[in-house]
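None of the values given here were measured: they were computed from a predicted structure.
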Amino acid sequence: MKRSVLDRASMRRGMVAVCAAAMTVAGISSVGLADAAQAPAVTSVVKDGRTWHLKVYSAAMDKEITIDVQRPVDESKPAPNLYLLSGLDAGESSASWRGQTDVIPFLADKQVNVIEPIGGRGSYYADWINTDPKLGVNKWQTFFTQELPPLLDQTLGSTGRNSLAGVSTSATSVLQMAEAKPGLWQSVASYSGCAQIADPLGRAAIKLSVENWGGGNLDNMYGPPDSPNWAANDAVINAEKLRGTELYVSTGSGVPTPDDFEWYQQNAPGPVGMVNTTVGAIIEGATNACTTNLRNKLDSLGIPAQYNFNAVGTHRWEYWDTAFRESWPLLARGMGVPA
């Protein structure tokens with residue numbers, strides 16, 4: 001009788017031990033799955049002909065990002081990746097490469113993956129030091145320099161070569177990213193951006209975009225004006241890190257042309273159109289000054305770049321469409337494909 005009781009007790013202890021071991025294994029397994037679920041990943045791919053709509057989970061921002069990809073003309077062969085970054089609206093509206101230019105059709109017969117990220121309005125695609133009440137968590141530089149590239153290489157079967165182009169606010173961002181991860185992008189094009197951000201002119205330009213138009217708080221980006229984060233992210237101050245990257249930099253002068261006046265009037269007739277013309281002229285005049293300072297710094301360091309200083313022109317997409325085509329041979333050379 002005692003033996004039977006002891007046997008049953010022993011069996012119970014054995015079963016408890018087995019269950020405990022199983023739970024431990026299950027616990028470890030579930031922790032592993034949780035960790036895997038939290039890692040950066042392509043969570044879905046929807047194919048619409050040669051256009052692939054990707055959802056990419058960013059662990060840095062704990063959210064999914066939409067990435068549209070125009071696949072290369074020959075999808076059976078590996079192709080490099082050309083990242084096209086939009087301006088303030090970050091592709092969330094029609095103010096995008098696809099919506100405002102003919103660049104996407106122009107690239108349709110090229111052996112490249114055209115990468116169009118959607119999201120990040122008003123963020124300058126930067127790594128913000130604080131969560132912003134309006135703009136949320138922004139760790140875009142981490143996303144573009146660390147999380148996204150290996151996922152695209154794996155998902156698209158890329159060659160591992162990359163080029164990067166940006167307009168307006170993202171024309172600043174592409175230079176910062178190239179400096180943050182030298183060698184990731186072999187060629188970079190910056191159209192109508194303000195590379196300098198640590199001085200009053202540059203900070204004023206960013207403040208106008210982030211706060212006046214984006215609704216964010218600039219202190220959440222890099223901190224107060226005396227924070228060392230501003231200098232640490234200033235593309236002019238850190239221009240030495242651009243050495244070895246093929247660079248194309250363009251800007252207008254801010255002087256409106258008859259076509260500028262006509263375009264702004266068509267979009268907003270009357271006094272509003274005149275105000276918009278003036279704003280477009282002022283912004284482009286400021287980017288001209290910033291670009292001149294960048295050229296002077298690069299020249300002083302002996303770092304070559306291809307420049308296009310247009311004698312006229314305001315801050316709008318028509319000029320960036322033209323500038324892209326001019327920069328295409330440089331971008332293509334960096335990616336190792338025919339122009």
Side-chain angles (χ1 to χ4, degrees), residues 80 82-85 124-127 140-142 144-146 149 161-206 221-223 225-254 283-311 319-320 323-324 326-336 339:
L82 169 61
Y83 294 69
L84 291 181
L85 305 188
Y124 265 83
Y125 292 124
D127 276 5
W140 290 95
Q141 188 175 103
T142 294
F144 284 122
T145 61
Q146 299 178 32
R161 298 185 67 85
N162 306 286
S163 287
L164 178 64
V167 300
S168 190
T169 58
S170 70
T172 303
S173 311
V174 296
L175 296 171
Q176 294 171 319
M177 290 181 196
E179 292 176 350
K181 196 71 175 290
L184 177 57
W185 291 281
Q186 284 69 48
S187 48
V188 173
S190 171
Y191 318 108
S192 298
C194 190
Q196 63 192 76
I197 65 170
D199 70 324
L201 174 62
R203 184 177 164 85
I206 291 187
M221 186 177 180
Y222 293 134
D226 60 351
S227 169
N229 290 321
W230 288 94
N233 289 279
D234 188 298
V236 175
I237 292 174
N238 298 283
E240 175 61 37
K241 296 178 181 178
L242 294 171
R243 190 180 300 278
T245 301
E246 293 206 60
L247 299 170
Y248 175 94
V249 184
S250 70
T251 180
S253 67
I283 293 174
E284 198 67 10
T287 68
N288 184 283
C290 292
T291 303
T292 298
N293 291 341
L294 174 65
R295 180 180 63 180
N296 292 341
K297 181 62 179 287
L298 291 173
D299 286 349
S300 73
L301 296 171
I303 298 176
Q306 180 181 342
Y307 299 99
N308 177 10
F309 282 86
N310 198 333
Y319 294 106
W320 304 329
F324 177 86
E326 182 177 278
S327 68
W328 169 244
L330 179 144
L331 292 170
R333 186 166 62 247
M335 290 184 288

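- The OG atom of S187 sits 6.0 Å away from atom CE of M335, with the distance rounded to the nearest 0.5 Å.
- For residues 231-245, every residue pair satisfying the salt bridge (Lys or Arg N to Asp or Glu O under 4.0 Å) rule, not counting sequence neighbours, is listed here: E240-R243.
- Heavy-atom minimum distance, A126 versus M221: CB-CE, 3.9 Å.
- Looking at heavy atoms from C-beta onward, M177 lies in side-chain contact with L85 at the 4.5 angstrom threshold.
- Here the CG atom belonging to L331 is positioned 12.0 Å from the CG atom belonging to N162, to the nearest 0.5 angstrom.
- At distances below 3.5 Å, not a single donor-acceptor pair connects side-chain atoms of S327 with backbone N or O atoms of A189.
- Here the OG atom belonging to S163 is positioned 7.5 Å from the CG atom belonging to L330, to the nearest 0.5 angstrom.
- When the side-chain contact (heavy atoms from CB on, under 4.5 Å) test is applied to A323, the partners found at least two apart in sequence or on another chain are Y191, Y248, S250.
- Partners of A205 under the side-chain contact (heavy atoms from CB on, under 4.5 Å) rule, at least two apart in sequence or in another chain, do not exist in this structure.
- Under the ring pair (Phe, Tyr, Trp, His ring centres under 6.0 Å) criterion, Y125 pairs with W140, F144, not counting sequence neighbours.
- When atom types are taken as modelled, the side chain of W185 and the backbone of T245 share no donor-acceptor pair closer than 3.5 angstrom.
- Minimum heavy-atom separation, Q141 to D127: N-OD1, 3.0 Å.
- Within the structure, the salt bridge (Lys or Arg N to Asp or Glu O under 4.0 Å) test picks out no pair touching residues 287-302 (sequence neighbours left out).
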Exercise. For T292 and F309, what are the C-alpha separation, side-chain angles and deciding distance, and is it a side chain to side chain contact (heavy atoms under 4.5 Å, CB included)?
Worked result: CA-CA 9 Å; T292 298; F309 282 86; 3.5 Å; yes

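- Note that CG of L84 and CH2 of W320 are 13.5 Å apart. Values are rounded to the nearest 0.5 Å.
- Judged by distance alone, the side chain of N238 and the main-chain N or O of A231 form a donor-acceptor pair under 3.5 Å.
- Two residues are said to be in side-chain contact when any heavy atoms from C-beta on lie closer than 4.5 Å; L175 and L294 meet this criterion.
- Counting only residues at least two apart or on different chains, the side-chain hydrogen bond (donor to acceptor under 3.5 Å, both in side chains) pairs with a member in residues 164-183 are S168-H315.
- Residues L298 and Y307 form a side-chain contact, since some pair of their non-hydrogen atoms from C-beta on lies under 4.5 Å apart.
- To the nearest 0.5 Å, atoms CZ (R161) and CZ (R333) are separated by 11.0 Å.
- In this structure a side-chain-to-backbone donor-acceptor pair under 3.5 Å is present from S227 to Y222.
- A distance of 7.0 Å separates SG in C194 from CG in D199, rounded to the nearest 0.5 Å.
- With a 4.5 Å cut-off on side-chain heavy atoms, I197 and Y124 do not count as touching.
- Between Q196 and C290, the shortest heavy-atom distance links the atoms OE1-CA, 3.6 Å.
- For the pair A171 and S190, the tightest heavy-atom approach, listed with the atom from each and the gap, is O-OG, 2.8 Å.
- N288 contributes no side-chain N or O that, together with a main-chain N or O of T251, makes up a donor-acceptor pair within less than 3.5 Å.
- For the pair Y83 and V174, the minimum side-chain heavy-atom distance is 4.5 Å or more.
- Nearest heavy-atom pair across A339 and P329 is CB-CA, 3.9 Å.
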